[in-house]
Structure formats: structure tokens, C-alpha cells
Amino acid sequence: MMTNEEAAAFVAQLRAGKRFVTRFQEEEWGLNYAGDGRYQKWTRRPDGESQETLTEAALLDLLTTHYRYDVMVARLQD
């Protein structure tokens, strides 16, 4: 899982305008900075779409709990 420092670096890249997008089988999901310290996590599946707003603290917790930095940073886009 990501370290606190890696998660902070990833979030800084989102704040700088990059966005994260990935696809696994029929599900696509991503993260982007929405402004004012908020981040959007969205998901598209064959059965519908969803969107969730996360605080920076919640996003950092999510990243350090569930994701690897090398995998996530490789999917950042301009």
C-alpha cells in the first residue's frame, strides 16, 4: 500500500491538474481534483454511473489503505 508520503505526492499531482483514470474489465473509474480541497471519485459500469466527493483526508486514507503508488501514478493523465 502507499505510504503517507506517496499518497501526499499523488494527491499533489491531482491538485496540479492531473487526473487518474483506469479500467478493469467492464468498470472504469477515476479521480480528479474538484477544487476547495475536494476530490471527485467516479465510476462507470454497465449497470450505471456513480460519483462521490471526498475530502483530502478521506482520499489520503483511501490511497494508503487500498492502493499502490506505482500502479496509480502510472495511470495519471494530463
Side-chain angles (χ1 to χ4, degrees):
M1 299 308 110
M2 278 191 211
T3 65
N4 291 335
E5 294 80 18
E6 290 170 334
F10 183 83
V11 168
Q13 292 184 64
L14 293 175
R15 270 195 319 269
K18 293 200 180 257
R19 54 192 185 97
F20 171 82
V21 178
T22 192
R23 181 176 181 86
F24 179 72
Q25 295 180 353
E26 295 183 12
E27 178 180 286
E28 182 180 20
W29 72 277
L31 296 164
N32 59 281
Y33 184 58
D36 297 325
R38 295 173 297 119
Y39 299 82
Q40 295 296 320
K41 180 178 185 249
W42 55 268
T43 305
R44 291 187 193 110
R45 297 182 186 116
D47 62 345
E49 297 182 9
S50 66
Q51 187 168 306
E52 175 182 7
T53 301
L54 302 171
T55 64
E56 188 164 311
L59 178 57
L60 289 168
D61 184 57
L62 179 73
L63 293 171
T64 57
T65 302
H66 297 286
Y67 298 103
R68 288 183 22 206
Y69 180 77
D70 59 332
V71 173
M72 296 289 284
V73 79
R75 290 171 175 80
L76 283 172
Q77 302 176 359
D78 291 323

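What you see below is based on every heavy atom in this structure, not just the backbone, and it leaves out hydrogens, waters and symmetry mates. If you're wondering where the values come from, they're calculated on a predicted model, not measured in any experiment. Note that the numbering runs from 1 along the sequence shown for the chain.
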Side chains of residues 58-65: which donor-acceptor pairs under 3.5 Å do they make with residues two or more places apart or in other chains?
unit_1	atom_1	unit_2	atom_2	d
Thr64	OG1	Leu60	O	3.0
Thr64	OG1	Asp61	O	3.3
Thr65	OG1	Asp61	O	2.7

For Gln13, give me all partners under side chain to side chain contact (heavy atoms under 4.5 Å, CB included), at least two apart in sequence or on another chain.
Lys18, Tyr69, Val73, Leu76
Whichever hydrophobic residues join Trp42 through chains of side-chain contacts under 4.5 Å:
Val21
Check this for me: Gln51, atom CD, are more than 12 non-hydrogen atoms of other residues, nucleotides or ligands nearer than 6.0 Å?
yes
Is any side-chain heavy atom of Leu54 closer than 4.5 Å to a side-chain heavy atom of Arg38?
no
Shared-cluster residues of Val71, by chain and number - hydrophobic side chains joined below 4.5 Å:
none
Using a 3.5 Å distance criterion without hydrogens, assess whether the side chain of Glu6 forms a donor-acceptor pair with backbone atoms of Thr3.
yes
So, for Arg19 and Leu14, which heavy atoms are closest and what is the spacing to 0.1 Å?
CA-CD2, 4.0 Å
For residues 28-35, please give each side-chain donor-acceptor pair under 3.5 Å, one per line with the distance, not counting sequence neighbours.
unit_1	atom_1	unit_2	atom_2	d
Glu28	OE1	Arg44	NH1	3.4
Tyr33	OH	Asp36	N	3.3
Tyr33	OH	Gly37	N	3.1

Flag yes if more than 12 heavy atoms outside Arg68 fall under 6.0 Å of its CZ atom; otherwise flag no.
no
Glu49: which residues meet the side chain to side chain donor-acceptor pair (under 3.5 Å) condition with it, sequence neighbours left out?
none
With heavy-atom distances below 4.5 Å as the criterion, would you say the side chains of Tyr67 and Phe10 are in contact?
no
